[in-house]
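Step one of this worksheet: look at the structure below.
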Amino acid sequence: QVQLVESGGGLVQPGGSLRLSCAASGFTLGYYVIGWFRQAPGKEREGVTCISISDGSTYYADSVKGRFTFSRDNAKNAVYLQMNSLKPEDTAVYYCATGRFCGVVRGSLTDHGMDYWGKGTLVTVSQ
């Protein structure tokens, strides 16, 4: 059974950092793509980043480029999202997902290629 469990969310001040973790079970990360998505209150879900584990190609949304970094630990079958220089507009529930491809359409990451989702972890950026 495929499972993804996110952790690491919390309250942080603007300009601060957080590292989110996504632990996978029931499959091996090396054969799929992994993405991070977020959904702010009252807004649609937004694609943040996606990586093809097999060839290392990575997509970042323009809003997080230079601030967020995707990494993985094959031994732990886990991936991470390091978030620096956080802004209030980064406040959202963050989800990791895995699937067949990173569905980038007209420059934006969609959830088209994702098949399994975690339950999310809340990140709040506020004074």
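Values reported hereafter were calculated over all heavy atoms of this structure, with side chains retained and with hydrogens, waters and symmetry mates removed. Residues: numbered from 1 along the sequence shown.
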Cut-off 3.5 Å, no hydrogens considered: what does the side-chain donor-acceptor table look like for residues 106-114, sequence neighbours left out?
unit_1: T110; atom_1: OG1; unit_2: G103; atom_2: O; d: 2.7
unit_1: T110; atom_1: OG1; unit_2: H112; atom_2: N; d: 3.3
unit_1: T110; atom_1: OG1; unit_2: H112; atom_2: ND1; d: 3.3
unit_1: D111; atom_1: OD2; unit_2: R45; atom_2: NH2; d: 2.6

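When all heavy atoms are compared, the tightest approach of L86 to L18 is CD1-N, 3.9 Å. Listed here is the closest heavy atom pair of A24 and L4: CB-CD2, 3.8 Å. Of all the heavy atoms in Y59 and T49, the pair that sits closest is O-OG1, 2.8 Å.
Cluster membership for Y80 and V48, using ILVMFWY side-chain heavy atoms within less than 4.5 angstrom, is not shared. Side-chain heavy atoms closer than 4.5 Å link hydrophobic residues (I, L, V, M, F, W, Y) into clusters, and following such links, even through other members, never connects Y95 to V5. Using a 4.5 Å cut-off between side-chain heavy atoms of Ile, Leu, Val, Met, Phe, Trp and Tyr, with links allowed through other members, V33 and V104 fall into the same hydrophobic cluster.
For A40, the side-chain contact (heavy atoms from CB on, under 4.5 Å) partners at least two apart in sequence or on another chain are K43, A92. Under the ring-ring contact (aromatic ring centres under 6.0 Å, His included) criterion, F101 pairs with no residue at all, not counting sequence neighbours. Contacts of T69 classified as side-chain contact (heavy atoms from CB on, under 4.5 Å), with partners at least two apart in sequence or in another chain: Y60, Q82.
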Could you check S25 against Q1 for side-chain contact (heavy atoms from CB on, under 4.5 Å), going step by step and ending with a plain yes or no? CA-CA 7 Å; S25 62; Q1 182 181 2; over 6 Å; no

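Counting heavy atoms from C-beta outward, Y94 and Q39 have side chains that stay 4.5 Å or more apart. Contact check for F27 versus Y32: side-chain heavy atoms found under the 4.5 Å cut-off.
Of the charged side-chain nitrogens involved, at least one lies within less than 4.0 Å of a carboxylate oxygen, so that D62 and K65 count as a salt-bridged pair.
Using a distance-only test at 3.5 Å, with no hydrogens or angles considered, a donor-acceptor pair links the side chain of D90 to the main chain of K87. Looking at R72, its side chain never comes within 3.5 Å of a backbone N or O of A78 through a donor-acceptor pair.
The line from SG of C22 to CD1 of I34 is 6.0 Å long, rounded to the nearest 0.5 Å. Between the CD1 atom in I51 and the OG1 atom in T98 there is a gap of 11.5 Å [rounded to 0.5 Å]. Note: R38 CZ to L81 CG = 9.5 Å, rounded to the nearest 0.5 Å. Atoms CZ and SG, on F70 and C96 in that order, are 8.5 Å from each other to the nearest 0.5 Å.
Note on residues 3-22: pairs passing side chain to side chain donor-acceptor pair (under 3.5 Å), not counting sequence neighbours, are S17-N84. Legend: side chain to side chain donor-acceptor pair (under 3.5 Å) pairs involving residues 113-126, not counting sequence neighbours, sorted by first then second residue: R100-D115.
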